[in-house]
Asker: 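My questions all concern the structure below.
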Protein chains: 2
Amino acid sequence: MFTGCTISPHHCACFNKLTEEQKKQLETKSVTIKYKKGEVICKQGSFASHILYIEKGLAKVYLDDGQNSLVLKVIPPGNLLGLTSISEENNNFQYSAMAYLDSEVKQIDISFFKQMLIQNPGFAKEVIDILISNSIQINGRFFCLTHKQSYGRLADILLCLADRIFKSQEFELNLSRKDLAELSGISAETVVRMLKKFKEEDLIQLDGKSFKIKDYAKLKRISEIG
Amino acid sequence: MFTGCTISPHHCACFNKLTEEQKKQLETKSVTIKYKKGEVICKQGSFASHILYIEKGLAKVYLDDGQNSLVLKVIPPGNLLGLTSISEENNNFQYSAMAYLDSEVKQIDISFFKQMLIQNPGFAKEVIDILISNSIQINGRFFCLTHKQSYGRLADILLCLADRIFKSQEFELNLSRKDLAELSGISAETVVRMLKKFKEEDLIQLDGKSFKIKDYAKLKRISEIG
DNA sequence: AAAATAAATTGATCCAGATCAAGGCACGAT
DNA sequence: ATCGTGCCTTGATCTGGATCAATTTATTTT
């Protein structure tokens, strides 16, 4: 029912709503920056002069209080990042983001973005839809991390990676065990133990960073039962 | 830094942006319904033909998978409910809501609401701001419930009630211990024990449903340390 | 006011998963 | 090669808080 999956299944559609003229303007009002894996793309609390759009790579969005960190979502190409900064009262980043893989990020001037919201109702409506789908997704993850137990959460993430990121039952996961732990909201040691168990029970095949989902149905069941 | 507080600190400002004409129309497109404490206002999954606006009372918004329940937020008068249903792809309620106290709720025709989004960019912008502030709030709560421990969460909720609902250090809490438990994401028994501890340590005064914050600063510290 | 029902409190037990500690392994730097 | 530094893995231990069970106190219902 609810999934801890952090990855939006669709591209954001808002830019399609811009007129040709506006699209041209957009190009002059934006610039693309490259980030290496592990680099910080935006920092919680800092002033936000841009809305970000992931063109290539993968980024994680997380909250941090200096002590603990919570991954809110993972953003694949085709999605916006930093939308919360367009609010009038919170014009700084409400979360941090880091490149999970080498990435390219388009920075869009925030006042241009706001101008589009006012000038182009279709664009605004699309942005609203994006915000809503973000909320729904995060609510699901919220439910997951607070009510499912670790097994289910890990199964969830594995399926999410297979389905939404790699679109294959077999993949090379370029993330550390610690990253995986963060994603599923459990400790790195526990992740290792659980992966081992999944392997023993023949639900997955695992060798270092090579993953293969062997029993999708059973993993699905585990993710649902919790 | 992050708070588990579920209550939005401000009224929604979007209706101010409507023209006089549109405000009049709004009246013809909406109707106010009364709910008794405990009644369900909207049910997760059901078709949403209206956007809801809390006029009086208090409502809780929660997710439910039949097994567990997670309170996303508590909505005081002056706030919208069910905004997620204006999305094109999710035109049903993404969560349930229940009256915490006797309440009055205005139901606004959803297609009228959508029409306003298109016709009135100022209105749309305001709705975007509301969605953003909702997300920020829920993200904070998310962090709280996953990373703070129970003590901090309970302290958090008590301060939130005092500051945002009752606007007084002393209040009569019309919620059961179980409700309080749900709000802070812990079991009812644990809530009782912790309240007792708070009382013993002279942080609060407590008699049944009468609460009084005696040491705000210390509670604040507990809520921050976790 | 007595009976029935629900909520609050307290104590005892249990367990998922964190944390701590220690080795094994891989890979970039010297 | 070999040193170092950081991941991965495994085992041992600890604990916050859930759950279960039983009693007490409120609140309805009749």
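Within every chain, numbering begins at 1; the chains are lettered A, B, ... in the order of the sequence lines, protein sequences first and strands thereafter.
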Asker: Side-chain donor-acceptor pairs under 3.5 Å in residues 193-201 of chain B, sequence neighbours left out?
Answerer:
unit_1, atom_1, unit_2, atom_2, d
B:Lys199, NZ, B:Leu206, O, 3.2

Asker: Any luck finding a side-chain donor-acceptor pair between B:Glu172 and B:Ser210 under 3.5 Å?
Answerer: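 B:Ser210 and B:Glu172 do have a side-chain donor-acceptor pair below 3.5 Å.
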
Asker: Answer yes or no: are there more than 12 heavy-atom neighbours, outside A:Lys209 itself, under 6.0 Å from its atom NZ?
Answerer: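 Counting other residues, nucleotides and ligands, NZ of A:Lys209 exceeds 12 neighbours.
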
Asker: With distance as the sole test, does A:Gln94 use its side chain to make a donor-acceptor pair with the main-chain N or O of A:Asn92 at under 3.5 Å?
Answerer: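 At least one qualifying donor-acceptor pair exists.
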
Asker: So what is the 5' to 3' dot-bracket string for DNA chain D, if pairs are Watson-Crick or G-U wobble with both distances under 3.5 Å, crossing pairs use [ ] and | means the partner sits on another strand?
Answerer: ||||||..||||||||||||||||||||||

Asker: Can you check each nucleotide of nucleotides 6-17 of chain C against protein heavy atoms at under 4.0 Å and return B for base, S for sugar-phosphate only, - for none, in 5' to 3' order?
Answerer: --SSBBB----S

Asker: Considering only residues two or more places apart or on different chains, which pairs with a residue in residues 68-95 of chain B satisfy salt bridge (Lys or Arg N to Asp or Glu O under 4.0 Å)?
Answerer: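 Every pair satisfying salt bridge (Lys or Arg N to Asp or Glu O under 4.0 Å) with a residue in residues 68-95 of chain B: A:Lys125-B:Glu88, B:Glu88-B:Lys114.
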
Asker: Could you check A:Leu183 against A:Leu175 for side-chain contact (heavy atoms from CB on, under 4.5 Å), going step by step and ending with a plain yes or no?
Answerer: CA-CA 10 Å; A:Leu183 274 177; A:Leu175 298 179; 4.1 Å; yes

Asker: At their closest point, which heavy atom of B:Asn139 faces which heavy atom of A:Leu63, and how far apart are they?
Answerer: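 Closest approach of B:Asn139 to A:Leu63: O-CD1, 3.5 Å.
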
Asker: With sequence neighbours excluded, what pairs up with A:Asp207 under the salt bridge (Lys or Arg N to Asp or Glu O under 4.0 Å) test?
Answerer: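 In terms of salt bridge (Lys or Arg N to Asp or Glu O under 4.0 Å), with neighbours along the sequence ignored, A:Asp207 is linked to no residue.
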
Asker: Could you tell me whether a side-chain N or O of B:Tyr95 sits under 3.5 Å from a main-chain N or O of B:Gly82, the two making a donor and an acceptor?
Answerer: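 Answer holds: yes.
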
Asker: Angle between ring planes, A:Phe113 versus A:Phe15, binned at 30° and 60°: parallel, tilted or perpendicular?
Answerer: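 Answer is perpendicular, since the angle exceeds 60°.
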
Asker: I'd like the 5' and 3' limits of the part of DNA chain D contacted by chain B, with heavy-atom contacts below 4.0 Å.
Answerer: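 The contact span of chain B on DNA chain D goes from D:dG17 to D:dC20.
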
